[in-house]
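Structure, as structure tokens:
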Amino acid sequence: MRKPIILITGANGEMGHGLISALNKSGISNIIAMDLQTLDATISDKVMEPIIGNVLDKTLMEQINGEYEISAIYHLAALLSTRAEFSPQSAHDVNVDGTLNLLTLAAEQGRSQGKAIKFFFPSSIAVYGLPNLETKKSAAAILENQFCTPETMYGCNKIYSELLGSYFEKNYQRLAAQDLSGFVDFRSIRFPGIISAMTIPTGGTSDFAPEMLHAAAKGEKYDCFVRDDTQIPFMTMPDAISAISDLMRAPKKNLTQSVYNVRAFAPTAAELREKTLSFFPNAKIGTEISEKRQAIVDSWPQDCDDSAAKTDWNWQPKHDFETAFEEYLIPNITAIYNV
Ligand code: AKB
């Protein structure tokens, strides 16, 4: 019979590292960790089997479908917003066609097992498009159904994939003789910028926050690519991983939405710099604005309203702006760089 597993794509990414460690700590080890690269040594002993493969490889999807009985899919593989603007076609391929392949795998697994397969999809504040700074400021913390007009390929990919997930859950092949709906239990979170002490993201436009902090810890000069007054929501990576686990554990009957905002704090770039300097007073943090990347961040919300997540599945961040640095970022980052 097929081996029971949990499938994680994009396993070698920032979120993949955190999720695999968290699932393993909770006693889950039947993880198939899929990535384009060889799985990092720090997590390779936490999974049942690594698979080096591409989410666009339909033959590989067939092989996975034949060999494993999947109970949940965490589809993390993606090209982030900045990289997606340099390679929009590749971004669409991975972020949309890749997601379609994994949703199709989930639907086939659900049909053959006769039950819904949980599917986690990491969406993003990039699905929002605020038309100008005046509107961004007056809108303040926005709800999931506001300003859903993305201005980047990444944001377009994410909002369409959210809709695909709902389609697979509620209307998949709706003209088929057999009712094929309900075999995918699609759950998604629109993540803000995420700051990890363990890894530095690549290819994101919210990366100015983690880049600034890690450069300061390494004693490297850093030029922030956005204005001092730039403001978007953030959270720490441990809180992002907790949010994923909490949402995936929530009873389906409690979920009034398939897509949820979460956030923990929304500092300006100036506040991030001041906070970083308070821990690394000799850090050299300058500003060299990238007008094009600035325009992307200006289209993202000043903050998000996460009340639906709090109500439906008891979302509650552990780290606010102060404790993010004092309890998580500084203790870990100073240990990693031995400073
Ligand atoms: C990015 O910067 O592209 C991502 C995001 C905000 O989803 N971190």
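Start at 1 and go down the list; that is how both ligands and their atoms are numbered.
With Phe121 as the aromatic partner, Lys158 meets the cation-pi criteria of under 6.0 angstrom to the ring centre and within 45 degrees of the ring axis.
Pairs passing the side-chain hydrogen bond (donor to acceptor under 3.5 Å, both in side chains) check and including a residue from residues 175-186, sequence neighbours excluded, read Asp179-Ser181, Asp185-Arg187, Asp185-Lys252.
Across every non-hydrogen atom of Leu56 and Gly98, the tightest pair is CD2-N, 3.6 Å.
Arg83 pairs by the salt bridge (Lys or Arg N to Asp or Glu O under 4.0 Å) definition with nothing, not counting sequence neighbours. Taking Glu322 as the reference, Lys275 meet the salt bridge (Lys or Arg N to Asp or Glu O under 4.0 Å) condition, with sequence neighbours excluded.
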Ligand 1: which protein N/O atoms lie under 3.5 Å from its N/O atoms?
{"unit_1": "ligand 1", "atom_1": "2 (O)", "unit_2": "Thr205", "atom_2": "N", "d": "2.7"}
{"unit_1": "ligand 1", "atom_1": "2 (O)", "unit_2": "Ser206", "atom_2": "N", "d": "2.9"}
{"unit_1": "ligand 1", "atom_1": "2 (O)", "unit_2": "Ser206", "atom_2": "OG", "d": "3.0"}
{"unit_1": "ligand 1", "atom_1": "3 (O)", "unit_2": "Ser81", "atom_2": "N", "d": "3.1"}
{"unit_1": "ligand 1", "atom_1": "3 (O)", "unit_2": "Ser81", "atom_2": "OG", "d": "2.5"}
{"unit_1": "ligand 1", "atom_1": "7 (O)", "unit_2": "Ser124", "atom_2": "OG", "d": "2.7"}
{"unit_1": "ligand 1", "atom_1": "7 (O)", "unit_2": "Tyr154", "atom_2": "OH", "d": "2.9"}
{"unit_1": "ligand 1", "atom_1": "8 (N)", "unit_2": "Ser206", "atom_2": "OG", "d": "3.0"}

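Centroid-to-centroid, the aromatic rings of Phe147 and Tyr128 stay 6.0 Å apart or farther.
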